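Take a look at the structure set out below.
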Amino acid sequence: MARKAFIAGNWKMNMTVASGTKLITELKPLVKEAKCDVCLCVPAILIPAMTKAAKGSKIKIGAENMHWAASGAYTGEISADMLKDYGVKYVIIGHSERRQYFGENNDTVNQRTLAALKCELTPIVCIGETLSERSAGDTEKVLSRQLEFGLHGVEDVKQLVIAYEPVWAIGTGQTATDEQAQETIKFIRKKLSKMFNVKDANRVRILYGGSMNAGNCKGLMAQPDIDGGLIGGASLKLDFAKIVNFDK
Ligand code: 13P
């Protein structure tokens, strides 16, 4: 079964109600004909207003993180049920910026991933190597560990989305080449087929993320194992529509 393309934005800590509403209002007509799934993951506090702004369009509003507990004494955190109150379906888990600045690790990624699946949210689980890990020839080892620990206990891998985001390509303008991204994502799929099974691994959508933009999206999307993109900077502008329409 062919995998449906998926273009997701990650606004990170950007936008306000006014600027986000303006962007979504302008994006709506531009993505009307999109054949892929489209999502914008936005700061939690913007979810209600952006959901309202995106109403009646192809754009689904997702979250950038969630806590694994159902409720409790976790000051500043957001639960799956709170996201579901607003119809959220997708949630980014384990972004490298959370790993780098907020103590996220493979264990907390695992807890968040299992909790999201249990609550019928679709986690977009982020993995990726740093420049020094790639230079040392450790890319496959690092990704294997992130997958083995991060997805430990997952029963149905088809229910989640993987985003391969090489840390050295995020926000740097230095995109992985089409071949580098394809080769690494092919490795990820092979690893998933060993951890789960070939049939399910072939149904998991694997996105590329890291300086993906209107200019390089066509080449990346033409690769057989790349099913979409997780877009940072370019999701803050109308260029996002060009990526969504990569097949036009
Ligand atoms: P950029 O597209 O800005 O490099 O960010 C990628 C990213 O981190 C998406 O999650």
Side-chain angles (χ1 to χ4, degrees), residues 5-15 19-20 23 27 31 36-44 46-47 50 59-66 83 88-102 104 108-109 112-113 116 121-131 133-134 139 142-143 146-147 150 160-178 180-181 184-185 188 205-221 223 226-246:
F6 182 27
I7 301 294
N10 174 10
W11 277 4
K12 308 190 179 184
M13 197 175 75
N14 291 294
M15 295 290 186
S19 58
L23 178 62
L27 280 173
V31 302
C36 59
D37 287 333
V38 185
C39 166
L40 282 170
C41 297
V42 307
L46 296 184
I47 289 173
M50 295 312 111
I59 305 169
K60 301 267 178 288
I61 299 301
E64 298 180 9
N65 188 26
M66 62 164 262
L83 298 178
V88 165
K89 180 168 183 304
Y90 298 103
V91 54
I92 296 173
I93 302 287
H95 191 278
S96 68
E97 285 146 18
R98 296 216 60 85
R99 295 179 191 253
Q100 193 178 349
Y101 306 126
F102 303 104
E104 188 85 73
T108 54
V109 168
R112 290 184 214 279
T113 301
L121 291 172
T122 301
I124 303 174
V125 181
C126 299
I127 60 172
E129 80 288 359
T130 62
L131 184 57
E133 288 163 341
R134 178 163 279 262
T139 299
V142 170
L143 297 175
Q146 290 174 338
L147 290 168
L160 53 80
V161 174
I162 302 279
Y164 167 57
E165 300 206 305
V167 179
W168 47 271
I170 296 177
T172 58
Q174 194 194 336
T175 325
T177 63
D178 298 347
Q180 268 173 333
T184 314
I185 290 181
I188 292 167
R205 292 192 287 185
I206 309 181
L207 318 181
Y208 167 79
S211 300
M212 192 160 163
N213 58 41
N216 59 29
C217 63
K218 267 195 170 54
L220 288 160
M221 291 302 292
Q223 303 303 313
I226 301 181
D227 304 316
L230 185 55
I231 322 296
S235 73
L236 301 169
K237 1 183 226 187
L238 290 177
D239 265 18
F240 185 65
K242 294 193 186 140
I243 306 175
V244 167
N245 295 315
F246 68 91

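For ligands, and for the atoms within them, numbers begin at 1 and follow the listed sequence. Sequential numbering from 1 along the given sequence is applied to the chain's residues. All figures in this text were calculated on a predicted structure; none of them were measured in a lab.
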- prompt: Would R205 and T122 count as having a side-chain donor-acceptor pair, cut-off 3.5 Å?
  reply: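 T122 and R205 do not have a side-chain donor-acceptor pair below 3.5 Å.
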task: Report yes or no: do E104 and T108 form a side-chain donor-acceptor pair below 3.5 Å?
output: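 Looking only at side-chain atoms, T108 and E104 do form a donor-acceptor pair, the distance falling under 3.5 Å.
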message: By the definition side-chain contact (heavy atoms from CB on, under 4.5 Å), identify the one residue from N10, I7, D239, V244 that meets it with I231.
response: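 Of the listed residues N10, I7, D239, V244, the side-chain contact (heavy atoms from CB on, under 4.5 Å) partner of I231 is I7.
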Does at least one non-hydrogen atom of [X] fall below 4.0 angstrom from an atom of ligand 1?
X: G173; answer: no
X: G210; answer: yes
X: G209; answer: no

message: For atom 3 (O) of ligand 1, tell me which residue out of S96, G233, G9 has the closest non-hydrogen atom.
response: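 Comparing heavy atoms across S96, G233, G9, the nearest one to atom 3 (O) of ligand 1 lies in G233.
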- prompt: What about A234: any of its N or O atoms under 3.5 Å from an N or O on ligand 1?
  reply: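 Such a contact does not occur with ligand 1.
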message: Considering both backbone and side-chain atoms of T172, is one of its nitrogen or oxygen atoms within less than 3.5 Å of a nitrogen or oxygen in ligand 1?
response: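 N/O-N/O distance below 3.5 Å does not exist for this pair.
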Check whether any side-chain heavy atom of [X] lies under 4.5 Å from a side-chain heavy atom of [Y], and answer yes or no.
X: L238; Y: L27; result: yes
X: M50; Y: W11; result: yes
X: I170; Y: H95; result: yes

- request: Using a 4.0 Å heavy-atom threshold (strictly under), name the region of A169 that reaches ligand 1: side chain, backbone, both or neither.
  value: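 Only the backbone of A169 comes within reach of ligand 1.
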task: Would you mind telling me if ligand 1 is within reach of the side chain of L230, the backbone, both or neither, using heavy atoms under 4.0 Å?
output: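 Answer for L230: both.
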- prompt: What protein heavy atom sits nearest atom 5 (O) of ligand 1, and how far off is it?
  reply: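 For this ligand atom, the closest protein heavy atom is K12 NZ, 3.2 Å.
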